[in-house]
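First the structure, in the form of structure tokens, and then the observations on it.
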Number of protein chains: 2
Amino acid sequence: MTTELSMTGYALLGLLVFDARTSDEGMTGYELKQRADLTLRYYWVSPAMSQIYTELDRLHGLDLVEAFETHEGKRRSRHFRVTEHGREELHRWLHTPAAEAFPVLKHPVALRLLMGALSDPETVDSWLADYLEQLERHRADLQGVRELLADRHEVRYPARVAEWGLSYYDAEREIVEKLRTEIRSELD
Amino acid sequence: MTTELSMTGYALLGLLVFDARTSDEGMTGYELKQRADLTLRYYWVSPAMSQIYTELDRLHGLDLVEAFETHEGKRRSRHFRVTEHGREELHRWLHTPAAEAFPVLKHPVALRLLMGALSDPETVDSWLADYLEQLERHRADLQGVRELLADRHEVRYPARVAEWGLSYYDAEREIVEKLRTEIRSELD
DNA sequence: TGTAGCATGTAAGCCGTTACATGATTGA
DNA sequence: TCAATCATGTAACGGCTTACATGCTACA
């Protein structure tokens, strides 16, 4: 019997394995959320807090993580650490050929552009301009993450993924700028 | 009162508006699915049949589309056509500044790559190789769609979105090939 | 004659979000 | 003292998928 987890489950398990290399205290759900905001967010999703706690409970039920409660003062927190079984399960998953692993893109801007003819060039151009602004912000955030990782060998894979993301943002900027020029030329 | 629809709702409405420019018979749910497979799939999702029928019922309930049943022989089918109210609603939506319109990317390959250190370079390379293959297939499909649209003025927006998609696939191929070279260099 | 494609739907269930609810600690 | 941050959870619900169920029609 192979316990199939959700992608998000494996993602969290991965964060915990990663954490275990620099600390043995484990991580709280809260900390996992912060970590997810720095990494997962760009290539997957950053799950809601409630989702993280739910998922951690599931992982715990499957003995893929162990939990221990700590009390500093009156504040209670649960720290999670990946178990040997959890490590094995993650490895198993990583070595299982990923059936249908193609990315899903939900691109509201492209969706709107599809219906551009129902609007006017000025409006369409403003969608693209707004998108470019957001793109810059996201790019800058990710650039920050990239710099945080520096060229430390232990984090070379996260660094590569960050670079992947940056190159994606760059490609988006380029094509969107091209589209803007084209659409603005319709204004005459 | 502004009836907020789901994105998929607006997407289907858009397909129906588009259809109305070349035909006035409307479209069946089945046909909408096929159309979605040709367009929406690349920038949004292609909803399951059941989802399409559900969504059509909702749109009908809101008087955004009208339905009429036809019988050819013993086969029953429901054809849907956008109503004036539906058109207005779509226009309203298109001219509403899209709060948080940033794309969501669910990229299983990037997610795995993040954990590349838990595997070995050969395996990681094989993930990327598989991904490249799938990428080529998707690109070819989308290229087919692009050619179908030719340079007919009425479909210039869909054509632009198709080109956007193609450039995205190209950027993916480029970065993934770069990553492969880098990872294979670890094999020595 | 049988299979692929046309055509429509219901039911169960997963994954994830938002809203709600609670409370401790740190620091301005 | 008040806001921000740390910290954990429950409830309701939306969107979407898969599995299931049904039946017609064209054509090889």
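For the numbers below, each heavy atom of this structure counts, side chains included, while hydrogens, waters and symmetry mates do not. Convention: sequence-line order gives letters A, B, ...; per-chain numbering from 1. Not measured: the values here are computed from a predicted model.
- Because its NZ or CZ atom is both nearer than 6.0 Å to the ring centre of A/Trp93 and within 45° of the ring axis, B/Arg112 counts as a cation-pi partner of that residue.
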For a side chain to side chain contact (heavy atoms under 4.5 Å, CB included) check, start with the C-alpha distance between A/Leu62 and A/Leu5, then their side-chain angles and the critical distance, and finish with the verdict. CA-CA 10 Å; A/Leu62 294 167; A/Leu5 248 44; 3.5 Å; yes
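- Atom-to-atom, CG of B/Leu32 to P of C/dC6 comes out at 14 Å; the value is rounded to the nearest Å.
- Here B/Asp37 pairs with B/Lys33 in a salt bridge; the nearest charged N to carboxylate O distance falls below 4.0 Å.
- Within 4.0 Å of B/Glu69, counting heavy atoms only, lies no atom of the nucleic acid at all.
- If you measure from atom CD of B/Gln51 to atom P of C/dG13, you get 19 Å, rounded to the nearest angstrom.
- The aromatic ring centroids of A/Tyr168 and B/Tyr168 lie less than 6.0 Å from each other.
- Taking 4.0 angstrom as the limit, B/Arg76 places none of its side-chain polar atoms (N or O) nearer than this to OP1 or OP2 of D/dT22.
- Contact between the side-chain N/O atoms of A/Tyr53 and the OP1/OP2 oxygens of D/dG9 is not found at any separation under 4.0 Å.
- Put simply, B/Gln34 has a side-chain N or O that comes within less than 4.0 Å of OP1 or OP2 on C/dC6.
- In terms of position on DNA chain C, the residue among B/Gly29 and A/Arg58 whose nearest nucleotide sits closer to the 5' end is B/Gly29.
- At the heavy-atom level, A/Thr8 lies under 4.0 Å from the strands shown only through sugar-phosphate atoms.
- Counting non-hydrogen atoms under 4.0 angstrom, B/Ser77 reaches the backbone sugars and phosphates but no base.
- Ranked by how close their nearest DNA chain C nucleotide is to the 5' end, A/Glu72 and B/Tyr30 are led by B/Tyr30.
- Residue B/Arg75 places no side-chain N or O under 4.0 Å from the OP1 or OP2 atom of C/dT8.
- At the heavy-atom level, A/Thr70 lies nowhere under 4.0 Å from the strands shown.
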